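Every chain is numbered from 1 and lettered A, B, ... according to where its sequence line falls, protein lines coming before strand lines. What you are looking at is a predicted structure, and each value in this text was computed from that prediction instead of being measured.
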Number of protein chains: 2
Amino acid sequence: MGPILKLLSLRCVPKEIYSVPQTKQPMKNKNRKNARIRLSRKEREQQIIDGAVRYFAEVGFGGQTRELARRLGISQSLLFRYFPTKDDIVKRVYEEVYLRRWRPEWEILLSDRSRSLSDRLNQFYHEYTNAIFEFEWVRILIFSGIKGVTLYQQYLKLIHDKVLDRICTELRAEQNLPDPKQTPITEREMDLAWNFHGGIFYIGIRKFIYGTEKRENFKAAIKDSIAVFLAGAPSVFKSILKK
Amino acid sequence: MGPILKLLSLRCVPKEIYSVPQTKQPMKNKNRKNARIRLSRKEREQQIIDGAVRYFAEVGFGGQTRELARRLGISQSLLFRYFPTKDDIVKRVYEEVYLRRWRPEWEILLSDRSRSLSDRLNQFYHEYTNAIFEFEWVRILIFSGIKGVTLYQQYLKLIHDKVLDRICTELRAEQNLPDPKQTPITEREMDLAWNFHGGIFYIGIRKFIYGTEKRENFKAAIKDSIAVFLAGAPSVFKSILKK
DNA sequence: TATTATAGTGATCATTTGATCAATAAGAGA
DNA sequence: TCTCTTATTGATCAAATGATCACTATAATA
């Protein structure tokens with residue numbers, strides 16, 4: 001471990017105990033140091049994934065299977081009884097961290113015209129950042145490296161389809177501008193939406209990568225960001241659609 | 001190479017030839033296949049760094065020294081005659097890609113009150129994105145992984161100190177709000193500036209990671225983004241400073 | 001042309017690390 | 001208590017990979 005890594009762990013890595021607490025049970029062979037604990041396949045698999053999420057979030061996907069096993073308190077070979085290859089573990093970590101956090105009701109929320117757009121955006125980004133702004137999520141996204149490209153692409157596609165497209169549509173509606181079904185969302189409008197979202201995403205980066213951010217709650221920052229967007233975007237939207 | 005990597009190279013990696021063109025020279029030993037080309041230490045060192053920047057940007061820092069050497073058309077052992085360890089090469093790649101792109105005149109530009117802030121921001125972000133939105137820069141930042149944390153921190157500090165602090169100051173001045181020397185920039189103001197900058201940065205991410213972005217020129221997107229910021233930020237700034 | 005400093009190489013070492021497999025033992029059911 | 005299924009392990013393999021070193025060949029200089 002080089003000095004860079006040491007510095008990192010001092011600054012960013014919460015001091016948690018990753019090894020699973022070993023429930024002490026009466027053992028037949030009391031002298032054995034490595035007393036085995038048998039879990040069902042399902043339990044063990046989940047335990048491995050949970051440990052892998054934490055471990056890889058901490059050290060990146062370059063982390064070794066031996067060390068992961070050590071933290072789990074199991075043998076390295078057991079990992080390969082549950083997952084054919086290390087890449088399969090990595091894949092499951094992605095799924096666990098990303099695919100399970102999106103909540104379908106957000107799509108309904110964003111399109112609910114009985115409430116003001118400002119209200120909706122505030123609630124959505126409040127809930128959304130609560131769901132994703134945590135150690136594992138941001139670190140794994142940033143540190144996923146070359147293997148994470150498809151993950152990154154999936155994440156961006158999700159945001160595009162389920163968030164930004166909706167925001168553009170709702171902004172049009174609020175301004176009495178043409179419906180996207182008649183006049184499709186332009187590239188420039190989508191750019192603005194990306195710009196807005198990217199700004200909020202950056203808060204997470206600063207918190208977990210820059211490491212100087214100590215707040216737990218970003219409600220104020222998000223609220224301001226939404227206010228700027230809603231105050232500035234309409235006139236730009238209008239000028240875009242005039243041409 | 002797994003399917004993920006194959007997909008990546010199809011989508012994102014420009015087809016360039018990384019091996020250095022071998023200038024054909026009369027050789028004493030014409031039969032030798034591996035004719036040596038002697039370069040001065042300085043030339044060879046630069047050649048290695050140039051190749052390393054391209055190679056690591058393409059495959060990430062997990063790339064192997066043997067493959068790097070192969071692309072350079074030199075032996076793997078020669079790398080270690082110029083750099084004690086692989087980490088030293090990586091370190092030089094960082095320096096090459098990041099520390100050399102900042103232009104001091106940008107600091108003057110941002111503070112030049114003889115021009116409108118909109119003008120200054122447009123020129124700055126136009127030049128700045130021209131300097132950094134290229135394959136190597138974005139990919140190395142994103143793929144630098146756990147080892148790149150300090151790099152990332154340095155980059156964010158540079159932006160904070162030389163760009164965002166100035167933008168906040170200039171926005172205050174344009175609105176006749178108190179000078180930062182008397183009333184320091186608040187956290188909320190800085191958040192807004194980060195938000196703005198992060199939005200522009202995200203364009204680069206989409207171009208080089210998402211891979212669907214084909215434009216070469218982001219002038220319009222940047223212009224719109226600045227317009228939204230300048231239209232929306234002043235009122236929020238004012239309300240922040242009222243309290 | 002002969003000399004010499006040194007750029008450059010091939011072979012090889014040593015470690016890391018993903019993966020395999022025969023052997024072991026926990027724990028449920030008879 | 002015995003049996004049997006299978007979760008679990010230690011030993012080990014094989015490939016990848018950073019690093020080393022004695023040797024080779026180039027090109028500047030005398």
Side-chain angles (χ1 to χ4, degrees), chain A residues 1-2 5 20 22-48 51-52 55-56 59-91 93 147, chain B residues 1-2 5 19-20 22-48 51-52 55-56 59-91 147:
Chain A
M1 185 189 275
L5 217 53
V20 168
Q22 309 251 343
T23 45
K24 276 159 196 164
Q25 297 177 344
M27 294 172 262
K28 281 187 182 174
N29 197 339
K30 291 185 180 178
N31 293 328
R32 281 192 59 78
K33 282 193 173 182
N34 305 321
R36 295 180 184 179
I37 296 169
R38 282 170 72 115
L39 297 183
S40 71
R41 281 201 80 80
K42 203 178 174 185
E43 279 178 307
R44 183 67 82 192
E45 185 174 314
Q46 193 56 50
Q47 185 214 44
I48 290 174
Y55 176 56
F56 289 137
V59 307
F61 286 115
Q64 302 158 21
T65 55
R66 278 173 177 76
E67 175 62 14
L68 170 59
R70 198 190 60 72
R71 294 191 184 199
L72 286 166
I74 62 176
S75 68
Q76 179 238 12
S77 54
L78 189 59
L79 295 175
F80 292 94
R81 301 275 293 185
Y82 285 83
F83 301 93
T85 69
K86 182 186 171 185
D87 265 359
D88 289 291
I89 302 178
V90 169
K91 204 174 168 187
V93 168
K147 286 183 182 168
Chain B
M1 185 190 275
L5 217 55
S19 59
V20 168
Q22 309 252 342
T23 45
K24 276 159 196 166
Q25 298 178 343
M27 295 172 262
K28 282 186 180 176
N29 197 339
K30 291 186 181 179
N31 292 329
R32 280 193 60 78
K33 281 195 173 180
N34 305 321
R36 295 180 182 177
I37 296 169
R38 282 172 71 117
L39 298 182
S40 70
R41 280 202 80 81
K42 204 176 172 184
E43 279 177 308
R44 183 66 83 190
E45 185 174 313
Q46 194 56 50
Q47 184 215 44
I48 290 174
Y55 176 57
F56 289 137
V59 306
F61 286 115
Q64 302 157 22
T65 54
R66 279 173 177 77
E67 175 62 15
L68 170 59
R70 198 190 60 73
R71 293 191 184 198
L72 286 165
I74 63 176
S75 68
Q76 181 237 12
S77 53
L78 189 58
L79 294 175
F80 292 93
R81 302 272 293 182
Y82 284 83
F83 302 93
T85 67
K86 183 187 170 183
D87 266 0
D88 289 291
I89 302 178
V90 169
K91 204 174 166 185
K147 286 183 183 168

How many angstroms lie between NZ in A/Lys91 and OG1 in A/Thr85, if you round to the nearest 0.5 Å? 9.0 Å
Smallest separation among heavy atoms of A/Ala52 and A/Val93, with atom names: CB-CG2, 3.6 Å
Report all side-chain donor-acceptor pairs from residues 73-84 of chain B shorter than 3.5 Å, counting only partners two or more places apart or in another chain.
{"unit_1": "B/Ser75", "atom_1": "OG", "unit_2": "B/Ser77", "atom_2": "OG", "d": "3.3"}
{"unit_1": "B/Ser75", "atom_1": "OG", "unit_2": "B/Leu78", "atom_2": "N", "d": "3.4"}
{"unit_1": "B/Gln76", "atom_1": "NE2", "unit_2": "B/Thr65", "atom_2": "OG1", "d": "3.2"}

Looking at B/Arg44, does any N or O in its side chain come under 4.0 Å of the phosphate oxygens OP1/OP2 on C/dG8? yes
Using a cut-off of 4.0 Å on non-hydrogen atoms, how would the nucleic acid contact of B/Leu39 be classed: base, sugar-phosphate, or nothing? sugar-phosphate
For B/Glu67, which residues count as a side-chain hydrogen bond (donor to acceptor under 3.5 Å, both in side chains) partner, sequence neighbours excluded? B/Arg70, B/Arg71
Between C1' on D/dT9 and CG on A/Leu79, what's the gap in Å once rounded to a whole number? 12 Å
Look for any protein N or O under 3.5 Å of an N or O in nucleotides 18-21 of chain D and output each such pair with its distance, or none.
{"unit_1": "D/dG18", "atom_1": "OP1", "unit_2": "B/Lys86", "atom_2": "NZ", "d": "3.2"}
{"unit_1": "D/dG18", "atom_1": "OP2", "unit_2": "B/Thr65", "atom_2": "N", "d": "3.0"}
{"unit_1": "D/dG18", "atom_1": "OP2", "unit_2": "B/Thr65", "atom_2": "OG1", "d": "2.7"}
{"unit_1": "D/dG18", "atom_1": "N7", "unit_2": "B/Arg66", "atom_2": "NH1", "d": "2.9"}
{"unit_1": "D/dG18", "atom_1": "O6", "unit_2": "B/Arg66", "atom_2": "NH2", "d": "2.9"}
{"unit_1": "D/dA19", "atom_1": "OP2", "unit_2": "B/Lys86", "atom_2": "N", "d": "2.7"}
{"unit_1": "D/dA19", "atom_1": "N7", "unit_2": "B/Gln76", "atom_2": "NE2", "d": "3.2"}
{"unit_1": "D/dA19", "atom_1": "N6", "unit_2": "B/Gln76", "atom_2": "OE1", "d": "2.9"}

For a 4.5 angstrom cut-off between non-hydrogen side-chain atoms, does A/Arg44 reach A/Gln47? yes
Would you indicate, yes or no, if D/dA7 has its OP1 or OP2 atom less than 4.0 angstrom from a side-chain nitrogen or oxygen of A/Tyr82? no
Between P of C/dT9 and CG of B/Leu72, the distance in whole Å: 11 Å
Using a cut-off of strictly less than 4.0 Å, decide whether A/Arg41 has a side-chain nitrogen or oxygen near OP1 or OP2 of D/dA7. yes
Five-pair end axes of the helix from C/dT1-D/dA30 to C/dA30-D/dT1, angle between them (10°): 0°
How close or far is atom P of C/dG18 from atom CD1 of A/Ile48, stated in whole angstroms? 15 Å
B/Ile74 CD1 to D/dA25 P: how many Å, rounded? 19 Å
Donor-acceptor contact present, side-chain A/Tyr55 to main-chain A/Gln64, <3.5 Å: yes
In this structure, how many angstroms lie between the C1' atom of C/dT17 and the CD1 atom of A/Ile89, rounded? 13 Å
Integer-rounded Å distance: D/dA7 P and A/Glu45 CD: 12 Å
Ignoring hydrogens and geometry beyond distance, is the side chain of A/Arg38 in donor-acceptor contact with the base of D/dT6 at under 3.5 Å? yes
Could you tell me how far apart B/Phe83 (CZ) and C/dG8 (P) are, to the nearest whole angstrom? 13 Å
